[in-house]
Amino acid sequence: MDYKLLPGIKAPSDVKKMNNEQLNELCFEIRQKMLETVSQNGGHLSSNLGAVELTVALHKVFDSPKDSIVFDVGHQCYAHKLITGRYESFGTLRKKDGLSGFCRPNESEHDTFYSGHSSTSVSAGLGIATANRLLDNGNYTVTVIGDGSFTGGMVYEALNNGGRSKTKHIIILNDNKMSISENVGSFAKYLAVIRSKPGYYNLKASTERTLNRIPSVGKKITRKLYDLKTDLKNKLYTQSTFFEDLGYRYMGPIDGHNISVLVDALEAAKKVNAPVLLHVNTIKGKGYKFSEEDPSRFHGVGPFDLATGKTESSSDSFSDKLGEYLCKYAPTNKKMCAITAAMGLGTGLECFRKSFPNRFFDVGIAEEHAVTFASGLAKKGMLPVFAVYSTFFQRCYDQLVHDISLQKLKVIFAIDRAGFVGEDGETHNGLMDVAFLSTIPDIIIYSPCCYRSLEADINNAVNADKVAVAVRYPRGGQADNVSVLQYDCVEFSTYGDKNAEICIVTYGRVTSQAIKAVDELSAQNINVLLISLNRIKPLPENAVDIMYTMKKVFFFEEGIRSGGIGEKTGFSLLERGYKGAFSLTAVNDRFVSQATVGELLHEYGLDAERIVNKISEDF
């Protein structure tokens, strides 16, 4: 497409110079650029398409970065990136060393806060707004949060504190699917538009000032008018009561795709000397037929055909297999329940939801609640399975300690997207679950490398294990070469020369890379035994026995080094008086930026090539 306006947007100040006609044309070009880029690179599409006019209006009214704009999750930040000087590099979106798919302060001064996880923005925005008040700098803070994020409890903690704060904090509720409650009739909508005009607040402020100057009765009249207005408004706007009871000035709902209305509403919100909640209605997937018709499929999408909306068909995955195995046990095990935190489709639970709707629970974006909810189910003898992405499971540490382990309750945690996730970057890689789970007593951890192991782990978790169980597995499917593994027991498997004096130890996805490395090393006349751990907590004693006989042990771990299984294995060998050489390759004390999984495995020394190089150089 021949872009006429977008290439000239070098900073938000360029948006301020545009009239409404130009702003609408800019919105069209932004959508086309998003579609062009995401169809090639993949990314979060539906939410971003729905927030274009809202983002343009924000930069028309506010002065970023002096005024802070905080996006919740970051699924709606692409237009923001294009407006803040990143048009030329937008083609690198989600690629190694390119633009992140989320807000990143190290990428631009206009990105106020790291984004990636849900329901954090109101708390962060309140903190920024409070700092502005203490510094008396007159700057505004705007938080943009979707209705889905309102299923996370942290939002309500922040609202409860923020309503009494008297800060210049404007919260924009981007309502693109689930209304908090319906308006009553067209008259309510009409008044909502009127109340969103700057003139409304100018007149309101002027009237209050005039009345307050009347001796004795002025303030009483003002109060009576306020009470009358509030009573009328609460009859017309059922959804405003909740926010205003907390101390917010509620505005809306307004059309989130009408630039002039948005600009007027934002200008009005600036004039309110109190926290404001502006309710904006948008259409998820706006401007692209296939995304509007199926916003869930285009929420987070891989490369697709722009003309047809078709994506590449994917083969089965660990997520699919989890759902399949749960559905295998659920018909006879009437106590089995499945729990998701708004990710039923992504975690493979769709078949369970359809087959066993009474035992399927979507708790919304509330992972902490999900864990303690599961503990309550378990307390009464149910067998809850909570399927959750590794990165979001990080939120649940206290609940795991206090509500699961301490209570000695059996809950199964199916931890999806363990290890490198790839293009979503720092906030989405699942590199820390092993380290924090390992600190908790009475939890068994499995990390299968193939579907066969996953099925055995689920069987053990359902029928044999007596305590809480975590089964963690990577995004995508199993590698073809893992079928060569020899299983002496469910705890671990081996491959290669059992008489070797060198062994590779690993678990999960890296196993397939290690198998390739063993074959390549054998071709170099370097005999190596591979030990692929399936149960990683507690460590299989028989596997440690084998390591103890080796002259050299090379451990490769797709996870954070500190507190990982590699460290624990090395310490276990040391306690036994091991005299050989132990080497550990893992992610050392850093957050991992976006790239493909293959690129990350290579960068961190975990692919076959780097494994071979390390061992052959040391041989």
Side-chain angles (χ1 to χ4, degrees), residues 74 94 96-97 100-102 104 106 114-118 120 300 317-319 341 343 346-347 367 386-397 400 413-440 443 445-449 470-476 479 505-514 532-537 539 554-570 583-607 610-611:
R94 303 178 79 245
K96 183 176 172 59
D97 300 324
S100 170
F102 299 90
R104 295 289 182 262
N106 61 353
Y114 275 90
S115 66
H117 289 192
S118 172
T120 64
S317 66
F318 279 96
S319 307
M343 299 295 290
T347 55
E367 292 84 1
F386 177 30
V388 58
Y389 288 8
S390 172
T391 182
F392 305 133
F393 199 43
Q394 294 164 185
R395 299 179 158 202
C396 306
Y397 185 78
L400 288 165
F413 299 102
I415 306 174
D416 205 327
R417 271 67 166 176
F420 297 127
V421 172
E423 291 85 351
D424 282 338
E426 303 97 319
T427 54
H428 283 65
N429 287 309
L431 301 173
M432 299 181 187
D433 59 88
V434 168
F436 70 73
L437 284 170
S438 295
T439 66
I440 301 173
I443 287 185
I445 309 175
Y446 296 104
S447 191
C449 67
V471 184
R472 61 184 305 278
Y473 42 88
R475 182 180 189 179
V505 185
T506 191
Y507 60 87
R509 173 166 45 201
V510 179
T511 295
S512 67
Q513 299 294 325
S532 175
L533 301 174
N534 180 47
R535 192 189 73 199
I536 58 177
K537 182 183 186 283
L539 277 171
F554 293 87
F555 201 111
F556 296 90
E557 183 165 18
E558 188 184 349
I560 205 75
R561 179 188 181 100
S562 179
I565 298 304
E567 276 194 353
K568 287 176 170 55
T569 301
S583 169
L584 171 59
T585 300
V587 177
N588 192 23
D589 199 30
R590 64 172 298 182
F591 294 103
V592 176
S593 299
Q594 78 270 7
T596 66
V597 170
E599 288 170 332
L600 294 173
L601 288 171
H602 182 77
E603 180 178 349
Y604 289 93
L606 299 171
D607 68 347
R610 296 288 302 276
I611 293 172

Quiz item: Got T347 and S319 here, is their nearest side-chain heavy-atom distance under 4.5 Å?
Solution: no
Exercise. Calculate, to the nearest 0.5 Å, the distance between atoms CD1 and NE2 belonging to I611 and H602 respectively.
Key: 11.5 Å
Self-check item: Donor-acceptor under 3.5 Å (R104 side chain, S115 main chain)
Solution: yes
Quiz item: Do F413 and V471 have side chains that get closer than 4.5 Å, going by heavy atoms?
Solution: no
Quiz item: Should L431 and F591 count as side-chain neighbours, where that means a heavy-atom distance under 4.5 Å?
Solution: no
Practice problem: Please step through side chain to side chain contact (heavy atoms under 4.5 Å, CB included) for the pair M343 and V388, ending with a clear verdict. | Solution: CA-CA 7 Å; M343 299 295 290; V388 58; over 6 Å; no
Quiz item: Around atom CG of D589, are there more than 12 heavy atoms of other residues, nucleotides or ligands at under 6.0 Å?
Solution: no
Quiz item: At what distance, to the nearest 0.5 angstrom, does CZ of F392 lie from OG1 of T427?
Solution: 7.5 Å
Exercise. Give the intermediate values and the outcome of side chain to side chain contact (heavy atoms under 4.5 Å, CB included) for residues V505 and F556.
Key: CA-CA 6 Å; V505 185; F556 296 90; over 6 Å; no
Quiz item: Parallel, tilted or perpendicular: which fits the ring planes of F386 and F393, with parallel below 30° and perpendicular above 60°?
Solution: perpendicular
Self-check item: Heavy-atom closest pair, residues L600 and G422
Solution: CD1-CA, 4.1 Å
Quiz item: Only one of R417, Q394, R475 forms a side chain to side chain donor-acceptor pair (under 3.5 Å) with Y389, so which one is it?
Solution: R417
Practice problem: Would you check, one step at a time, whether the test side chain to side chain contact (heavy atoms under 4.5 Å, CB included) holds for I445 with R472? | Solution: CA-CA 8 Å; I445 309 175; R472 61 184 305 278; 4.1 Å; yes
Practice problem: State, yes or no, whether a side-chain contact exists between L533 and I565 at a heavy-atom distance under 4.5 Å. | Solution: yes
Practice problem: Look up atom CZ in F420 and atom OG in S390, then write down how far apart they are to the nearest 0.5 Å. | Solution: 12.0 Å
Practice problem: Calculate, to the nearest 0.5 Å, the distance between atoms CG and CG belonging to L437 and L400 respectively. | Solution: 6.5 Å
Quiz item: Side chains of E557 and Y507: donor-acceptor distance under 3.5 Å anywhere?
Solution: yes
Quiz item: Does the K96 side chain pair with the main chain of Q594, one donor and one acceptor, at a distance under 3.5 Å?
Solution: no
Quiz item: Do Y397 and I440 have side chains that get closer than 4.5 Å, going by heavy atoms?
Solution: yes
Quiz item: Does R395 come within less than 4.0 Å of E367, counting only side-chain N to carboxylate O?
Solution: yes
Quiz item: Less than 4.0 Å between a side-chain N and a carboxylate O, is that true for D424 and R94?
Solution: yes
Self-check item: Under 3.5 Å: donor-acceptor pair, side chain of Q513, backbone of V510
Solution: no
Quiz item: Atom CZ in F436, atom CD1 in I443: separation rounded to 0.5 Å?
Solution: 9.0 Å
Practice problem: Calculate, to the nearest 0.5 Å, the distance between atoms CG and NZ belonging to L539 and K568 respectively. | Solution: 9.0 Å
Quiz item: Pick one: which of E558, E599, R590 meets side chain to side chain donor-acceptor pair (under 3.5 Å) with Y604?
Solution: R590
Quiz prompt | Distance-minimising heavy-atom pair for G419 and R509 | solution = C-NH2, 4.0 Å
